[in-house]
Amino acid sequence: MVLSRHLDERVWLLNRQGKAAIAASAQGHEAAQLACIEATDPSKDHYLIYYRQFAAMMALGTEPEEMLRGFLAKTDDPMSGARQFPLHGAHPRVDLFNFSNVIATQLPQAAGVALADKLKGSDAVTVVFFGDGASSQGDTHEAMNFAGIHKLPVIFFCENNRYAISVPLEKQMGVESVASRAVGYGFPGVQVDGTDVGAVYEVTNVAIERARAGDGPTLIEASVERLLPHTTDDDHTRYRSSEDIVQMLNRDPIRILAELLKRRGQLTDSGDEEIHALAKKRVNLATDTVDAEPYPSVESMFDHVIDSSGGHS
Amino acid sequence: MVLSRHLDERVWLLNRQGKAAIAASAQGHEAAQLACIEATDPSKDHYLIYYRQFAAMMALGTEPEEMLRGFLAKTDDPMSGARQFPLHGAHPRVDLFNFSNVIATQLPQAAGVALADKLKGSDAVTVVFFGDGASSQGDTHEAMNFAGIHKLPVIFFCENNRYAISVPLEKQMGVESVASRAVGYGFPGVQVDGTDVGAVYEVTNVAIERARAGDGPTLIEASVERLLPHTTDDDHTRYRSSEDIVQMLNRDPIRILAELLKRRGQLTDSGDEEIHALAKKRVNLATDTVDAEPYPSVESMFDHVIDSSGGHS
Amino acid sequence: MTERTVIEAVRATIQAEMRRDSSVIVLGEDVGIRGGVFLATDGLIDEFGEDRVIDTPLAESSICGIALGAAVNGMRPIAEIQFADFVWPAINQLVGEASKVRYGTNGVKTAPMTVRVPYGGGVRGGLYHSQSIEVLFAHTPGLSVVAPATPFDAKGLLATAIRTNDPVIFLEHKRTYRLVKGDVPDADYTIPIGKAEIKRPGTDLTIIAYGLMLHYALQAADMAAANGISVEVLDLRTLRPLDEDAIVESVSRTGKALIVQEDTLSVSISSEVAAIIGERCFFDLDGPITRLGPPEIPPMPFSPIQEAAFMPSPDKILAAITKLAEI
Amino acid sequence: MTERTVIEAVRATIQAEMRRDSSVIVLGEDVGIRGGVFLATDGLIDEFGEDRVIDTPLAESSICGIALGAAVNGMRPIAEIQFADFVWPAINQLVGEASKVRYGTNGVKTAPMTVRVPYGGGVRGGLYHSQSIEVLFAHTPGLSVVAPATPFDAKGLLATAIRTNDPVIFLEHKRTYRLVKGDVPDADYTIPIGKAEIKRPGTDLTIIAYGLMLHYALQAADMAAANGISVEVLDLRTLRPLDEDAIVESVSRTGKALIVQEDTLSVSISSEVAAIIGERCFFDLDGPITRLGPPEIPPMPFSPIQEAAFMPSPDKILAAITKLAEI
Ligand SMILES: Cc1ncc(C[n+]2csc(CCOP(=O)(O)OP(=O)(O)O)c2C)c(N)n1
Ligand SMILES: Cc1ncc(C[n+]2csc(CCOP(=O)(O)OP(=O)(O)O)c2C)c(N)n1
Ligand SMILES: [Mg+2]
Ligand SMILES: [Mg+2]
């Protein structure tokens with residue numbers, strides 16, 4: 001979590017330096033992402049992420065160098081070879097992917113992935129991440145409806161940070177909670193404090209067990225804060241009040257967790273500092289390494305448009 | 001209701017005679033449609049219908065001749081001049097329209113119509129009709145969500161006949177009722193027996209008052225029976241069990257209403273027969289009239305592609 | 001060898017592919033017990049069960065999105081869009097997503113899926129059961145688009161489509177379904193995507209067509225032959241990638257090209273074929289590159305009189321042949 | 001007269017039209033207090049309020065469907081699609097529905113709506129913030145498609161679009177937003193839809209382009225002039241209906257045509273322009289109808305090196321000019 005935070009901060013710095021074209025940050029979402037992943041089994045489960053899944057990708061074993069290659073558009077970007085925005089493409093080691101920037105397309109795709117597992121008799125679970133903004137899309141409805149009918153092993157994990165770029169929740173929906181929609185599809189919808197690692201782990205665990213047992217989907221809505229503007233191209237002081245910003249900063253999951261551990265005596269101040277120092281060092285190392293790496297060749301952009309073998313099974 | 005039924009039957013006959021290319025029937029849906037319309041004000045309200053709205057169109061004052069012109073593709077088809085399937089296009093006298101055969105597109109359109117009324121300060125209400133099948137479409141979700149946010153004066157009137165062509169309800173949704181989804185949008189959802197004119201009138205009336213008062217949308221789900229196959233191109237014995245068909249026939253709203261009125265002493269057997277005889281006569285007259293009418297010219301197919309005036313306001 | 005209609009060839013091929021490969025599944029509206037509104041999947045649910053023949057809710061975007069998800073997880077889905085006119089809600093999942101899966105993941109993921117789309121008019125379908133929808137798909141890198149016109153081609157190309165490791169849009173002209181019959185080998189065979197075929201050789205001019213228009217072109221060519229004009233008819237069969245070499249070879253030889261199309265001409269397959277000819281056959285051309293299609297109005301009126309006036313016909317094609325031959 | 005960028009011209013025009021006609025409303029994602037991600041609607045919510053400047057949920061199909069419904073009930077909505085890449089979910093409401101409202105109701109209903117779509121690449125947008133999406137719209141009867149390349153044209157055409165009684169797809173090239181500046185009259189004026197414009201006269205060959213490519217073509221024409229080649233540059237400005245007469249007039253005069261396009265060439269605007277030339281200029285042509293565009297791969301890589309290699313550039317255009325001039 002701390003490493004993810006430091007690397008995330010570094011990426012914004014690299015953007016300000018003109019090295020990274022664009023970045024969306026997971027700052028504020030880390031606890032939700034990490035705790036959710038913790039309850040899953042990366043050796044068989046599937047993860048359909050979206051652009052804000054920085055911490056989730058790290059939790060799934062992506063190295064800092066690999067993360068940076070995406071942002072710096074280096075040839076060895078593991079997700080897409082620098083064809084796509086950072087975090088887009090498919091992971092080489094775990095079944096984590098994010099085909100596009102187009103909001104909510106991943107939800108029907110997740111239902112399809114889960115359908116295939118059901119047909120294969122696999123007990124793998126598909127976790128699909130999305131924001132509150134994505135909940136407005138027709139695809140979200142269609143995906144949940146289908147998953148409900150077929151009791152598919154899929155977890156709809158909504159990171160509700162109350163904003164779709166600048167559009168606040170009350171302009172996105174006539175209700176308070178995304179989770180309230182689950183009743184309309186015939187499966188449980190749960191709201192959880194997304195800054196609370198324990199709570200998120202618990203509800204995800206229940207959902208995973210339910211899914212593996214063949215009992216169908218769960219919609220989890222984790223309330224989180226988007227600590228930074230939407231992306232490096234945004235300035236949220238244009239549309240967030242200063243009270244909103246102050247309150248939001250109080251819900252930083254890293255501070256919350258550190259304070260909790262300290263209260264419990266599981267973390268000392270110096271231990272905390274050491275963790276941060278180590279993370280910083282790791283980030284520096286990765287930055288130096290990746291900075292020196294090559295960019296993709298022009299020729300490689302012609303690869304993989306369609307199956308060059310002629311494409312027959 | 002009786003006239004609608006007889007004319008509807010005639011249309012199927014005309015199809016069997018090779019005169020009407022295709023027909024979808026409202027048989028079984030009549031009570032729901034008529035009672036709903038009865039609670040509205042055709043002088044100002046808007047109606048976005050779909051292909052099964054035969055009875056609704058008649059309740060809104062469409063003459064039998066006008067109905068038949070659509071089915072027989074005659075030049076004076078009031079809705080589209082025979083450019084479209086019957087019941088598609090726009091009505092010349094009331095604000096009733098149905099732009100396309102594409103299921104559920106009318107729901108966002110209805111939200112837009114209602115938005116315009118809200119901006120204009122009009123107290124008109126928009127009624128949009130759709131089937132259970134349409135409830136699965138993304139557009140339905142998006143429309144209800146928007147209408148809920150802006151508390152738009154729109155009534156979502158679902159005629160749930162438990163089939164989307166051959167697909168039964170349990171393959172369309174993981175829940176029992178479409179109305180249950182309304183809670184996810186922040187407005188009331190009501191289930192009503194669509195063979196019961198009084199009940200439908202009641203719930204629609206409440207919804208209309210709510211909408212006119214600026215309190216927002218209502219989702220009404222009327223359970224009805226599709227007494228005939230999906231269209232004249234369909235054969236429902238391929239996919240409906242004989243018990244299902246027998247049970248369904250017991251829910252014929254015309255029989256139910258006639259029996260109720262007779263039980264109450266408000267209708268005699270001979271009175272009933274007379275109504276049917278009159279309706280048949282009217283239908284015969286209309287058929288003869290329209291049969292003799294001309295088909296559209298080839299030249300007229302070039303009209304109204306875009307504003308021929310150059311299109312400036 | 002069995003004589004089959006186009007729809008019978010389609011059905012038999014789906015069945016054969018499902019027997020051949022257990023990862024082939026079918027999904028769409030009414031594809032189960034109803035067997036599809038055109039009966040392309042008739043009986044399949046009895047043989048393969050509800051798991052592999054899935055009646056979906058009425059929601060095209062998710063039909064294609066689910067097919068895509070299943071495809072990247074080991075299945076070979078065949079999604080059916082009930083009528084081409086209803087494919088628009090699924091454009092985002094097909095053109096936006098499926099086309100770029102392989103490219104956008106740098107080859108890590110692939111989407112072996114076939115989307116069957118019954119299209120075209122002349123069936124009293126009016127504005128919303130007659131549309132041709134090939135343009136955008138044929139424009140999009142990463143997709144293949146196939147449009148067979150005969151039962152033989154339908155079988156060979158559908159087998160290829162299903163076995164292809166990338167998304168294929170498979171267009172079936174509704175009017176040909178029962179109208180067009182032909183001998184189809186019972187044995188397994190495939191036809192490569194991207195290969196046009198000369199369906200009738202000739203020397204004076206080349207007609208380029210696909211789908212229903214192929215048959216009208218062949219009829220017109222017969223009539224022209226009676227007038228001493230020798231017409232070659234090239235069936236495109238695949239709309240992406242176009243078989244540029246076949247087009248260039250034929251037109252360079254005959255010196256004249258007439259492109260016949262049911263779809264609106266503006267910005268269409270016919271435009272691309274004309275552009276290929278204008279660039280690559282320029283020095284061999286003996287006459288203007290000619291196109292014949294419907295008027296530029298929404299396709300197509302429900303009125304039978306107007307529908308007939310809207311559609312290109314053998315007679316209209318013959319007139320265009322005669323005019324071009326005289327230049 | 002004020003010097004403005006393209007985006008400033010767009011913003012000022014929306015504001016002027018909203019002042020002129022109270023039925024003009026704006027809706028889309030982030031168009032309110034955020035002013036749109038490109039600031040095309042910056043400040044409008046302050047002047048016109050939340051009723052007329054509506055921040056919608058993230059749902060493009062309904063943005064367009066709601067605009068359509070409002071349009072048939074007396075409003076003149078301007079819907080903003082945040083990036084062209086996200087217009088695919090709305091195809092059904094635009095191509096399927098809006099295009100046929102007037103036709104399908106036999107003229108009883110009309111849909112005076114404008115859909116603003118920021119499109120195009122060269123902005124490090126990768127596969128999903130760089131797309132060109134004009135093809136399907138330009139193919140569809142009932143729609144008008146406009147693609148201005150200068151601040152002057154943006155103002156005149158946007159005013160026309162908003163006042164038009166039918167749906168207009170208004171394409172704004174993202175790369176031109178701040179890059180391209182020009183004098184814009186402060187007074188009200190309109191430019192008719194369907195009229196191309198010669199942006200640079202010449203005699204040896206005609207380049208036909210629109211959007212960002214217009215500017216690259218003008219640069220290449222300048223470079224060619226230094227080599228003694230006189231290039232005419234025709235700006236299409238409207239993609240549906242194409243100004244066929246202007247294309248034919250220019251190419252017939254110069255005898256050679258080079259069509260330059262950022263969008264994938266296959267089945268595109270460039271194809272249609274080539275087809276028009278191949279049919280109507282055949283007897284005046286002195287060389288093959290030539291097209292220059294990107295490679296047939298998904299547009300376009302995020303990698304800056306690959307993005308640059310993907311895009312047509314003034315240098316590549318110059319090379320094509322030189323080659324064609326030598327024939
Ligand atoms: C279909 C689509 N429309 C618009 C956009 C532009 N866009 C990118 S992110 C975003 C907001 C998403 O908000 P949310 O889903 O809440 O995710 P968050 O960024 O808050 O985590 C928008 C509108 C997009 N990517 N896709
Ligand atoms: C988008 C779309 N997909 C498919 C169809 C084909 N189709 C026509 S009616 C229908 C079933 C509709 O069922 P429902 O909404 O329940 O209405 P009902 O006919 O039962 O009244 C289908 C699948 C269509 N018209 N539009
Ligand atoms: Mg959000
Ligand atoms: Mg139904």
Side-chain angles (χ1 to χ4, degrees), chain B residues 46 48 77-84 88-92 95 97-100 102 104-120 122 124 126 128 137-139 141-147 149-150 152 154 296 300-301 303-313, chain D residues 20-23 25 27 51-52 54 56-77 89 92-93 96-113 141-144 159-160 162-168 190 192-194 241:
Chain B
H46 313 276
L48 284 83
D77 160 31
M79 293 289 284
S80 80
R83 286 164 173 207
Q84 293 225 56
H88 290 76
H91 200 279
D95 197 35
F97 56 94
N98 176 21
F99 292 146
S100 88
V102 188
T105 50
Q106 72 272 30
L107 284 94
Q109 292 163 13
V113 171
L115 176 70
D117 280 330
K118 197 182 166 199
L119 298 180
K120 291 190 267 187
S122 153
T126 300
V128 57
Q137 281 283 18
D139 265 7
H141 167 67
E142 297 185 14
M144 292 189 185
N145 189 36
F146 189 84
I149 295 165
H150 293 277
L152 297 180
V154 52
S300 70
M301 86 177 171
D303 300 339
H304 302 305
V305 178
I306 58 169
D307 192 349
S308 49
S309 76
H312 290 191
S313 66
Chain D
R20 184 177 173 274
D21 180 347
S22 66
S23 70
I25 61 172
L27 72 169
D51 269 4
R52 292 181 64 196
I54 303 169
T56 63
L58 204 169
E60 285 77 7
S61 182
S62 59
I63 291 173
C64 293
I66 289 162
L68 175 49
V72 299
N73 193 15
M75 299 288 126
R76 289 192 176 268
N92 193 33
Q93 288 289 352
E97 302 284 309
S99 71
K100 300 175 191 66
V101 163
R102 182 185 289 273
Y103 195 77
T105 64
N106 207 9
V108 171
K109 294 277 183 194
T110 58
M113 60 191 275
L143 296 180
S144 298
T160 303
I162 295 168
R163 300 178 199 178
T164 293
N165 293 326
D166 291 299
V168 179
T190 58
I193 289 174

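Sequence lines set the chain letters: A, B, ... in the order given, protein chains first and strands last, and positions in each chain run from 1. When reading the values below, keep in mind they use all heavy atoms of this one structure, side chains included, and skip hydrogens, waters and symmetry mates.
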Among L119(B), N145(B), L107(B), residue most engaged with chain D (heavy-atom pairs, under 4.5 Å):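 Option with the greatest count: L119(B).
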Grab the two heavy atoms, one from [X] and one from [Y], that are nearest each other, plus how far apart they are.
| X | Y | result |
| --- | --- | --- |
| S80(B) | G104(D) | CB-O, 3.1 Å |
| I306(B) | G142(D) | CG2-O, 3.7 Å |
| G89(B) | T105(D) | C-CG2, 3.8 Å |
| S62(D) | E142(B) | N-OE1, 2.7 Å |
| I66(D) | A111(B) | CG1-CB, 4.1 Å |
| A116(B) | M75(D) | CB-CG, 3.7 Å |

Chain D contact via [X] - side chain, backbone, both or neither, heavy atoms under 4.5 Å:
| X | result |
| --- | --- |
| D117(B) | both |
| D303(B) | backbone |
| H46(B) | side chain |
| I149(B) | side chain |

What residue, out of T56(D), V101(D), V108(D), has the most heavy-atom pairs lying under 4.5 Å from chain B?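 Between T56(D), V101(D), V108(D), the count favours V101(D).
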Walk me through it: do E97(D) and Q106(B) pass the test side-chain hydrogen bond (donor to acceptor under 3.5 Å, both in side chains)? CA-CA 9 Å; E97(D) 302 284 309; Q106(B) 72 272 30; over 6 Å; no
Non-hydrogen atoms of chain B under 4.5 Å away: do they reach the side chain of A59(D), the backbone, both or neither?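 Both backbone and side chain of A59(D) come within 4.5 Å of chain B.
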Report yes or no: does [X] contribute a side-chain atom to a donor-acceptor pair with the main-chain N or O of [Y] at less than 3.5 Å?
| X | Y | answer |
| --- | --- | --- |
| R83(B) | Y103(D) | yes |
| Q93(D) | T105(B) | yes |
| K120(B) | N73(D) | yes |

